[in-house]
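Reading through the C-alpha cells given below for one structure.
Whatever order the structure lists them in is the order used to number ligands and atoms, beginning at 1.
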Amino acid sequence: MLEIADFIPSKYNNTIDRGSFSWSAPSNIALVKYWGKKDKQIPANPSVSFTLNNCKTITSLAFAKKQNDGNFSFDLLFEGKPKEDFKPKIQKFLERVEVYLPFLKDYHFTIDTQNTFPHSSGIASSASGMAALAMNFMSLEKALNPAMTEEYFLSKASFLARLGSGSACRSVKGQVVVWGNQSNIKRSTDLYGVEYPYEIHPVFNNFQDTILLVDKGEKQVSSTVGHDLMHNHPFAERRFAQAHENLDKLIPVFKNGDLEEFIKIVESEALTLHAMMMTSLPYFILMKPNTLQIINAIWKFRNETKIPVCFTLDAGANVHVLYPNEFKENVLQFIKAELVGYCQNGQYLCDEIGNGALSN
Ligand code: DP6
C-alpha cells in the first residue's frame, strides 16, 4: 500500500519540452455511497462502485515548457471551445496537487475536454473529468520518470483524481472499485481507489446500468455542500458505521451472486443517502416526483416478474437501473413501455460495467 509521502516525487531524471497526451475515463456508480468527508478529500466512510463503460470524459493535455514565474498557466477548452466557467475548478485542482506534481508551473497547458454523454444531461462529469485529467498528468510525470511502475501510475492517478473530486478516484480502474479503508478488504485505503481484490460471481459480468434522466436541471445543493452537512449531522456516526457493515455484507454477495441480498443492500444505500440529505440541517430533497414513480414501478415489475432489477441514486433525481445482462431485453422493454414517460424528454442512457481509464 502506498502512503502520502510516496506521492511526493524526488528529482526527475528526464526532461521534456512539449507534447500531448489523451485519455478517456468513465463515470462510476456507487453501490455503497461516499457521503461525508474529512479534511483533504478523505472519505468519512468507505465506498464501492461499478465502473461504467459508455459515459466517459475524453481529455487531451498539450504541454509546452515555459518560464516558472510562480503561476499556473492553462487554457481550458470544452468540445474545442474556450470554457471560462470550468477554469476555477481546474485552478483549485492544480493548487491542491502541486506538491505531488512539482513540474506544474514549468509548463503551459492546453486542456481540451469532451463528454460522450449529452451536455447538461444531469450526469455529473466531475468523476470522469477529474480521472481523465489525472491520467494525463500522470502520463507527463511518467515521461519525466520513465522508471515508474504501472501500479504506481494508476494508484497515483486515482490519488490525484480524488483531490479533484472524491468519487473520481473510483474511475481510474474497473470493474469494481473500493475506496476507503475497510479492514476486511486487503490493500483498501482512504487515499485512492483499488480494484476489488476478491472473487466476483459471473452474474455481475456485463452488469447493466440504464440511467433514467429524470431532471437535467442544475442541482439546488451541490455534492460538496451535501458532504459538508454530514458534519454535526444527527445520524452521521451510525451512517458511517452502516457503510462499513454494508461493504462487508457485499463481500459474500459478490462471491456467490446472491442478487436478492445485493438488491437489499444497494437500494437501502440509495435511500439512506437521500435520507441523510432529508435529515441534515438545512435539509433538502434531490429526488423528484418522477424519481419515486420510477422506484415504485421497478418494485412492481420486480414483484410480478421476479427479474432481479433494482435501482440506485446518486446525488440527484436521476435513477440508475441495475440488472444482469441476461435480462437486458426484458428490462429495456419494461423501461421503454413504463419508465420513459417519467424521463425528461424521454431520455435515458444505456451503460454497463466497464474497465476504467484508457489512453487514446
Ligand atoms: C452521492 O465525489 O461528487 O455520488 O468529493 O465533493 O467532489 P466531492 O463529491 P463527489 O460525491 C459523490 C457522492 C455520491 C456517492 C458516491 O459516488 O459514492
List ligand 1's nitrogen or oxygen atoms that come under 3.5 Å of a protein nitrogen or oxygen, with the partner atom and distance.
unit_1   : atom_1 : unit_2 : atom_2 : d
ligand 1 : 2 (O)  : Ser165 : OG     : 3.3
ligand 1 : 2 (O)  : Ser167 : N      : 2.8
ligand 1 : 2 (O)  : Ser167 : OG     : 2.7
ligand 1 : 5 (O)  : Tyr34  : OH     : 2.6
ligand 1 : 5 (O)  : Lys37  : NZ     : 3.3
ligand 1 : 5 (O)  : Gln41  : NE2    : 3.2
ligand 1 : 5 (O)  : Gly166 : N      : 2.7
ligand 1 : 6 (O)  : Lys37  : NZ     : 2.7
ligand 1 : 6 (O)  : Thr224 : OG1    : 3.1
ligand 1 : 7 (O)  : Ser165 : OG     : 2.6
ligand 1 : 9 (O)  : His227 : NE2    : 3.0
ligand 1 : 11 (O) : His227 : NE2    : 2.9
ligand 1 : 17 (O) : Arg170 : NH2    : 2.7
ligand 1 : 18 (O) : Tyr34  : N      : 2.9
ligand 1 : 18 (O) : Arg170 : NH1    : 3.0
ligand 1 : 18 (O) : Arg170 : NH2    : 3.2

Lys156 charged N/C atom sitting above Tyr192 aromatic ring, 6.0 Å / 45°
no
Can you list everything that forms a side-chain contact (heavy atoms from CB on, under 4.5 Å) with Ala44? Sequence neighbours excluded, please.
Phe240
For the rings on Phe254 and Phe204, is their centre-to-centre separation under 6.0 Å?
yes
Looking at Lys249 and Glu261, is there a salt bridge between them, counting it only when a charged N and a carboxylate O are closer than 4.0 Å?
no
Using the rule side chain to side chain contact (heavy atoms under 4.5 Å, CB included), only one of Asn68, Thr15, Asp17 pairs with Asp106; which is it?
Asn68
Charged tip of Arg162 within 45° of Phe159 ring normal and under 6.0 Å:
yes
